[in-house]
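Please read the structure below before turning to the comments.
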Amino acid sequence: MTDANRILLGVNIDHVATLRQARGTRYPDPLKAALDAEEAGADGITLHLREDRRHIQERDVRIMKDALQTRMNFEMGVTEEMLAFAESIRAEHVCLVPESRAELTTEGGLDVLGQEARIRAAVQRLGNVGSEVSLFIDADERQIEAAKRVGAPAIEIHTGRYADAHTPAEAARELARIRDGVACALAHGLIVNAGHGLHYHNVEPVAAIAGINELNIGHALVAHALFVGFKAAVAEMKQLIVAAAARG
Ligand SMILES: CC(=O)[C@@H](O)[C@H](O)COP(=O)(O)O
Ligand SMILES: NCC(=O)COP(=O)(O)O
């Protein structure tokens with residue numbers, strides 16, 4: 001397998017915390033899910049500290065940072081509060097995401113083009129404490145070029161429009177946009193990750209795009225884990241994406 005066929009799985013454990021927060025209990029523990037995910041082949045753990053703290057809490061982030069064997073991908077909005085928190089814990093990998101308090105989930109990519117100075121300053125601040133920053137953006141050439149200009153070494157392409165497509169033709173169009181976005185980002189020397197809304201039944205065409213470094217997958221995986229267990233759900237997803245990437 002060449003480097004172009006190699007693909008990593010980042011497991012997002014936010015929705016383990018969603019279940020815990022629904023009752024204010026101590027269970028289920030997102031850390032247990034993360035450690036099980038690592039044992040089952042996850043290459044990294046993703047978690048999103050939302051402004052409204054609907055799932056992940058600061059304590060989860062602190063514990064996770066010290067306990068993981070792989071690496072923690074810390075997702076956060078570009079706010080002073082989050083920047084100060086990320087600086088205080090010296091998060092090694094930070095993904096800057098757009099956030100709107102009322103949204104059900106992350107609806108689109110970060111508008112880097114429309115706020116270059118602000119994002120550049122955030123990337124620099126985080127870089128000063130040793131964080132590698134990724135920007136969660138749409139597969140849009142102008143946003144990718146802006147990501148490069150602000151100094152981010154990596155991007156994560158938002159795959160939500162592909163995942164939400166209502167027809168095969170729409171899915172094919174969105175997949176082509178992702179493929180073009182990956183090619184554009186690679187040409188600019190960026191590390192390219194992707195994620196959002198990926199499921200066992202729609203992940204393979206994305207995993208097959210050469211040059212994608214990592215897929216971040218959460219909601220569908222946590223849902224499947226309810227029926228098959230966390231380790232089995234992770235192992236199944238890992239096997240699917242590695243095989244799809246190898247086929248190309
Ligand atoms: C940025 C991203 O895509 C994930 O962190 C996702 O947002 C997590 O799930 P929720 O959007 O449901 O919080
Ligand atoms: N950045 C995307 C992510 O971490 C997982 O998103 P989802 O699979 O929960 O939609």
Side-chain angles (χ1 to χ4, degrees), residues 7-14 34 42-51 56 58 60-62 64-66 68 70-100 105-160 178 181-196 211-218:
I7 193 155
L8 304 176
L9 173 63
V11 171
N12 182 319
I13 43 75
D14 290 351
D43 301 288
I45 301 297
T46 292
L47 71 178
H48 182 174
L49 182 64
R50 276 187 174 273
E51 198 186 346
I56 293 297
E58 279 92 331
D60 297 317
V61 186
R62 291 184 200 281
M64 211 76 70
K65 182 172 184 290
D66 288 341
L68 295 183
T70 57
R71 109 199 113 70
M72 182 178 83
N73 174 34
F74 177 54
E75 293 184 329
M76 55 174 245
V78 191
T79 64
E80 179 49 42
E81 182 200 15
M82 287 301 156
L83 284 166
F85 178 70
E87 285 173 326
S88 76
I89 62 163
R90 293 179 169 265
E92 283 157 21
H93 299 271
V94 173
C95 183
L96 298 179
V97 307
E99 221 180 278
S100 132
T105 184
T106 312
E107 284 161 358
L110 188 66
D111 180 15
V112 185
L113 189 62
Q115 42 180 348
E116 278 198 39
R118 186 162 161 258
I119 307 291
R120 181 179 294 108
V123 171
Q124 275 170 3
R125 261 179 83 168
L126 293 165
N128 288 343
V129 294
S131 306
E132 181 184 280
V133 181
S134 162
L135 303 178
F136 191 51
I137 58 177
D138 288 324
D140 174 331
E141 195 178 312
R142 293 162 315 152
Q143 296 291 348
I144 293 165
E145 286 167 358
K148 178 70 185 175
R149 282 196 298 276
V150 301
I155 61 165
E156 178 172 330
I157 293 183
H158 192 308
T159 52
I178 295 169
V182 172
C184 172
L186 290 175
H188 283 92
L190 294 163
I191 297 167
V192 191
N193 304 319
H196 201 86
I212 292 191
N213 174 59
E214 179 173 80
L215 295 180
N216 284 310
I217 306 178

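Basis for what follows: all heavy atoms, side chains included, without hydrogens, waters or symmetry-related copies.
With hydrogens and angles ignored, the 3.5 Å screen pairs no side-chain donor or acceptor of N193 with any backbone N or O of L215. Using modelled atom types, one side-chain atom of Q143 and one backbone atom of L113 make a donor-acceptor pair closer than 3.5 Å. Looking only at distances, no side-chain donor or acceptor of R149 sits under 3.5 Å from a matching main-chain atom of R120. In this structure, K148 contributes its side chain and A185 its backbone to no donor-acceptor pair below 3.5 Å.
A heavy-atom distance below 4.5 Å is not found between the side chains of H93 and F74. Between H188 and E145, the closest side-chain pair of non-hydrogen atoms falls below 4.5 Å. Within the 4.5 Å cutoff, the side chain of E92 has no heavy atoms near those of the R71 side chain. Residues I144 and I137 form a side-chain contact, since some pair of their non-hydrogen atoms from C-beta on lies under 4.5 Å apart. A 4.5 Å side-chain heavy-atom check between I217 and V11 finds every atom pair outside the cut-off. A heavy-atom distance below 4.5 Å is found between the side chains of P98 and T106.
Smallest separation of non-hydrogen atoms from G77 and M82: O-CB, 3.4 Å. In plain terms, the two heavy atoms of G181 and I157 that are nearest each other are C-CD1, 3.9 Å. Nearest heavy-atom pair, V123 versus G151, reported as atom, atom and distance to 0.1 Å: CG1-O, 3.7 Å. Closest approach of I89 and K65 over heavy atoms only: O-CE, 2.7 Å. Smallest separation of non-hydrogen atoms from L68 and A34: CD2-CB, 3.8 Å. Nearest heavy atom pair, residue M72 against residue M64, reads SD-CB, 3.9 Å.
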Residues I155, I191; criterion side chain to side chain contact (heavy atoms under 4.5 Å, CB included); working and verdict: CA-CA 6 Å; I155 61 165; I191 297 167; over 6 Å; no
Evaluate the criterion side chain to side chain contact (heavy atoms under 4.5 Å, CB included) for residue pair L110 and V78; output intermediate values, then yes/no. CA-CA 9 Å; L110 188 66; V78 191; 4.3 Å; yes
Evaluate the criterion side chain to side chain contact (heavy atoms under 4.5 Å, CB included) for residue pair F85 and R62; output intermediate values, then yes/no. CA-CA 10 Å; F85 178 70; R62 291 184 200 281; 3.4 Å; yes
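The ring-ring contact (aromatic ring centres under 6.0 Å, His included) check on H196 picks up H158, with sequence neighbours excluded.
Note: N213 CG to L190 CG = 11.5 Å, rounded to the nearest 0.5 Å. The line from CD of E141 to SG of C184 is 4.5 Å long, rounded to the nearest 0.5 Å. The distance from the CD atom of E81 to the CD atom of E51 is 7.0 Å, given to the nearest 0.5 Å. A distance of 6.5 Å separates CD1 of I13 from CG of D60, quoted to the nearest 0.5 Å. Once rounded to the nearest 0.5 Å, the distance linking CD of E156 with CG of L96 reads 11.5 Å. Taking CD1 of I56 as the start and CG of L49 as the end, the distance is 8.0 Å to the nearest 0.5 Å.
Residues N73 and T46 bring a donor and an acceptor atom of their side chains to less than 3.5 Å of each other. For the 3.5 Å distance criterion, the side chains of D43 and T70 fail to qualify, holding no donor opposite an acceptor. Remark: the N12 side chain and the N216 side chain contain no N/O donor-acceptor pair separated by less than 3.5 Å.
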Please list, one pair per line, the donor and acceptor atoms closer than 3.5 Å that link side chains of residues 129-136 to other protein atoms, with sequence neighbours excluded.
| from | atom 1 | to | atom 2 | distance (Å) |
| --- | --- | --- | --- | --- |
| S131 | OG | A91 | O | 2.5 |
| S131 | OG | L126 | O | 3.4 |

